[in-house]
Asks: 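My questions all concern the structure below.
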Amino acid sequence: MQKFLSLVMFLVLAGVTGCAPGNMTDKSGSDKISVWHWMTDREDAFAELGKRYKALTGTDVQFELYAPTDAYSEKIKGAAQTKTLPDVFGVLADKRVISSFIKAGHVLNLNPYMDMDNGQWEKSFYAKALNVNRFLLGNEFEITPGIYAAPLDVMNIQMVYNKDLFKKAGLDPENPPKNWAEFLDAGNKLHAAGIQGMVSGWGEIWMIDCLASNYAYNIMGEKKFIDTIKGEVSYADKDWIAVFSVFRDMRDNNLLANGIVTMVNKHAEQMFANQRAALGFNGSWCVNVYYGMNPDLNYGVILPPAYSDKYPMKIWGGAGASLMVNARSKNPDKVVKFLKWFTAKDQQAYLANKTRNLPANKESLGNISPVLAQFVAGMDSVTHPNNLNVSEFPKVIEARDKGIQSIIIGEKTPEEVALGVQAVKVREMLKAKK
Amino acid sequence: MQKPIYYKIKQFILTYSTHLLLIIISLSCILPLIWMFSSSLKTQATVFSDMSLFPQNPHWENFYIAWTKGGFGRYFFNSLLYTIVVVLGIVFVTSLAAYGISRLKMPGKNIIFYVFLAAMMIPIPGAFVALYVLLNKLGFLNPNTGFAFLDNTIMRLGYILPLINSGLSLGIYMLKTFFDKMPGDLEDSARIDGCSTFGIYWHIALPMAKPAIAVIVIFNTLNVWNEYLLAMLVLTGKHLMPLTRALMVFRGTHITEYPLLMSGMTITVIPIIIIYILLQKHIIAGITAGAVKG
Amino acid sequence: MEHRKAKKIFTNYLFVLPAILLFCTFHLYPFINVFRYSLFQWDGIVPFSSAQFIGLAHFKDIFTSNPQWWYSMWHAFYITLLTLVFQNGLALILALACDRAIRGAQAYRMIFFLPPVLSGIVVGLIWQWIYDGNYGLLNYWLTSIGFGHLARAWLADPKTALTCVGIVHMWKGFGWGFIILLAGLQSIPRELYEAAKVDGAGAWDTFRRVTVPLMVPVFVLVMILTILNTMQIYDLIVSLTGGGPGYHTEVPITRILAAMRGGSRLGYACALGIVFGLILLLVSFIQIQASKLAKQE
């Protein structure tokens, strides 16, 4: 026992003194650019790009991955508190949180750099990719207008449908539902053929929010949507009741798969990939996921069928991942120079190719699969809550989405939910006034 | 006679249904492990569609790929290091404190004991940011001594010390109740022989507490081995990360590589099972001794 | 003499010194900060100096306008009650079964410890598969034995979702209870059982008069650990239901995290944490007092 203890003690001392394999903290010179990210799938691609940059300019770029996203967010918040943020990082949250970061002086305004050379950097991106990171004049957060992050990729969230299952139900796979009546009809036909309807990660609240706001844009248009956030339009308005009844109608017409209300998105992806559901609501990243699980899956991409023809249907999209520059960085010019290179055409093409995402740089779109091309086609209809000058209260969003869950399980009616959400909104607005 | 037959039948039914219950529950415990293992032998396309317990084409290479792609070698060493240091740390700190509270004269020791007990009962969800700020203030997060291995040691300590702290309350509780029941004559005779207080602790109390220590070891080993939130928060740099970091590699933001992830998890689970098998004999006696008194 | 005595007591304190040092640094300090933050309106991002002091406003809000919090607290209590009765009941039955010289007791000891060892991810995946509304094992079995009308989306139905998560929690946790209870049973001297048999006591009487009184301290230990552990349930909720549908499976920890991450209201989250901690403390205190009373009987 004694000998064992002493051996262990020795190992402990040896190990704690850092004699570990491969411990290379290169503290040589302040030439290093540190990047903290959460994108596990891109770790290798980033490392390769880092090597290329070093060969090109001699500057060391250190990428550190912290996953999952929860752990990453906590780490960023802690680093923000202690003012030890890295040179480049991301903030995985809504506009309100990003504005807090900016106000605390952690984020560099990239406008001066975007405007250089006649706006060359800014023009290289898809406009929609930049909008998510842009603060406009007169925004509610009182942030100096400007672009505060550079996008790395774009994505959007649409509906996918299984062509084979559609055929089985007697629907035309090349003619997916285009309007509400056709959509409801499809649901009933699928049910008659014993096929499950739509799967999506609606256990993860934000996906419900996504579809709900898509239909909100379609039913009431953007202006009224913004006015609701501002508090000028009530959630008890008939248009909002219409939005909530969209979900009731989907439920009544067998468009929703059994158990969708608490489904995790990964489970939903699994189900769709294994042909256990005919419809899905997911982002463009799903192309890779489905391919990995079922390369022969025969499916197509469509916008959510419009409920009303007053306003166009919109979908969520824009930048997938964006990176910001630390305003307290020792050498901001150098860091921005790196970021510019990182988002340039060749590097974006490399990333897009390696990780099969859609690049944010306009010129980098190379050969992509037909399904991915369908996703790209939807970019014209893209919008995102982060594009707006105003941000809804988190508690109201929660009430909205949880309310929709209640509608789906038949616990509440759309009217009840609308009134409930409005009550929460009124309370939050009172609190904010204090 | 009726009575003996009735009795025998009752015995038979009782034994039979007991065994049945035990077997059903055992199956429910083993099947997930088997599923995890068999999933690691399948491919991404078949992991959810192939329902067989053992795939027709077992991909044994998944284990090798998981090991190399996940960089298990380095992370394994780190996990081993952290687990051993933290568990040893907990064992020594708690046994010292428990022995002191139980056997030594210390005014106010009951208050100290109850504070530790209360701490076990009041969790602090969301204390992460506060901990991060504290560690930063104390200099554990960004040491710049200029010597790589000193920096590494300091950063590792920034992870190890909070983990030791997290195991204190339960450890002190269990060991104190154990020490309370220890017969005092051994100590008295040792004292008469001129043994120092520390000597008594080291030579007599500690060896006798082996069972309780076995419980603390297995419990905290499980915790530290599977820990990842604190590691992500406190440690900067891949070279310091534990095993759980390796598993992260297979859980991308969007794509989870299930067969590799399951292989990685199987690899991760094996040491724990081994330790449990080795220690479980001690555990049984340990929890008894601490618990019967309450 | 006095000097030596003082020196002795001083060296005695050295025994608890390391524990106290660690505790004060890593536990007390963040703990005090949590109390501090709960009095401020702070999002955890802007410098704390610019946070707004609002006194007990958060606590007032928790007690008057946050029904979801108390709803989640009730859910945690519900699962805890279920666990106390069924998980520990099952653990006790299994422990009793393995207490006799039964074949394979060693093997069972090892097998029953497997669920706690499994990662939350694996547990989530497997039970999702079991509970799935369309292709799940549970529905499959029910249909095959003729109870098809009971088949449903277990995790999406407000009537069953919470209980189903509770079942997974119990399945995962009974291993610990089993081991502790078995240990307690094995420490009861066999002679007592012999004596009871000689006296002609039946199985139930033996259990009531011999086993239970000696096992009370073990029961208390298991109860306290179960309550503390189950009230803080979180991982399973997130991986199985995400807190839904609606608020039907929300638990205190998911509410606290929603405040922290969703709304970035760190001050409010800290206040929730304090209320939660105090309630746990109260419950544990009642537990201990009740057990003391039971011992006296």
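Order of the sequence lines sets the chain letters (A, B, ...), proteins ahead of strands, with each chain counted from 1. All of these numbers come straight from a predicted model, not from anything done at the bench.
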Asks: Please look at K412(A) and chain C and tell me whether the side chain, the backbone, both or neither of the residue comes under 4.5 angstrom of a heavy atom of that chain.
Replies: neither
Asks: I'd like to verify something: which residue of I404(A), D94(A), I409(A), I260(A) has the highest number of heavy-atom pairs under 4.5 Å with chain C?
Replies: I409(A)
Asks: Is N162(A) reaching over with its side chain to a backbone N or O of A278(A), donor-acceptor style, under 3.5 angstrom?
Replies: no
Asks: How about CZ on F86(C), more than 12 heavy atoms from neighbouring residues, nucleotides or ligands closer than 6.0 Å, or not?
Replies: no
Asks: Looking at H106(A), M271(A), E398(A), which one has more heavy-atom pairs under 4.5 Å with chain C than the rest?
Replies: E398(A)
Asks: Which atoms of I54(C) are under 4.5 Å from chain A, going by heavy atoms: the side chain, the backbone, both sets, or neither?
Replies: neither
Asks: Between D401(A) and W206(A), do the side chains contain an N or O donor and an N or O acceptor separated by less than 3.5 Å?
Replies: no
Asks: Starting from the C-alpha separation in whole Å, work towards a yes-or-no answer on salt bridge (charged side-chain N to carboxylate O under 4.0 Å, His left out) for R255(C) and E250(C).
Replies: CA-CA 7 Å; R255(C) 298 312 300 156; E250(C) 290 275 352; 3.4 Å; yes
Asks: Q196(A) versus chain C, heavy atoms under 4.5 Å apart: side chain, backbone, both or neither?
Replies: side chain
Asks: Looking only at heavy atoms and a cut-off of under 4.5 Å, which of D157(C), L155(C), V46(C), N134(C) has the most pairs with chain A?
Replies: N134(C)
Asks: Where on S73(A) is there a heavy atom nearer than 4.5 Å to chain C: the side chain, the backbone, both, or neither?
Replies: neither
Asks: Mind listing the closest non-hydrogen atom pair of S322(A) and N133(A) along with its distance?
Replies: OG-ND2, 3.1 Å
Asks: So, N139(C) side chain and G133(C) main chain: donor-acceptor pair closer than 3.5 Å or not?
Replies: yes
Asks: Between I205(A), D70(A), I76(A), which has the largest tally of heavy atom pairs under 4.5 Å with chain C?
Replies: D70(A)
Asks: Would the distance check show the side chain of Y290(A) and the main-chain N or O of Q270(A) forming a donor-acceptor pair, the cut-off being under 3.5 Å?
Replies: no
Asks: So does A80(A) get a backbone contact from the side chain of T84(A), meaning a donor-acceptor N/O pair under 3.5 Å?
Replies: no
Asks: Could you tell me which of S100(A), A104(A), G259(A) has the largest number of non-hydrogen atom pairs under 4.5 Å with chain C?
Replies: S100(A)
Asks: Please determine whether the number of non-hydrogen atoms from other residues, nucleotides or ligands lying under 6.0 Å from atom NZ of K103(A) exceeds 12.
Replies: yes
Asks: Any side-chain donor paired with an acceptor under 3.5 Å for N282(A) and N265(A)?
Replies: yes
Asks: Give, as side chain, backbone, both or neither, the part of E411(A) having an atom under 4.5 angstrom from any heavy atom of chain C.
Replies: side chain
Asks: Ignoring hydrogens and angles, tell me if any N or O in the side chain of Y268(C) forms a donor-acceptor pair with the backbone of A259(C) under 3.5 Å.
Replies: no
Asks: Please classify the contact of Y135(C) with chain A as side chain, backbone, both or neither, using a heavy-atom distance under 4.5 Å.
Replies: side chain
Asks: So which residues of residues 65-78 of chain C are in contact with chain A at a heavy-atom cut-off of under 4.5 Å?
Replies: S65(C), N66(C), Q68(C)
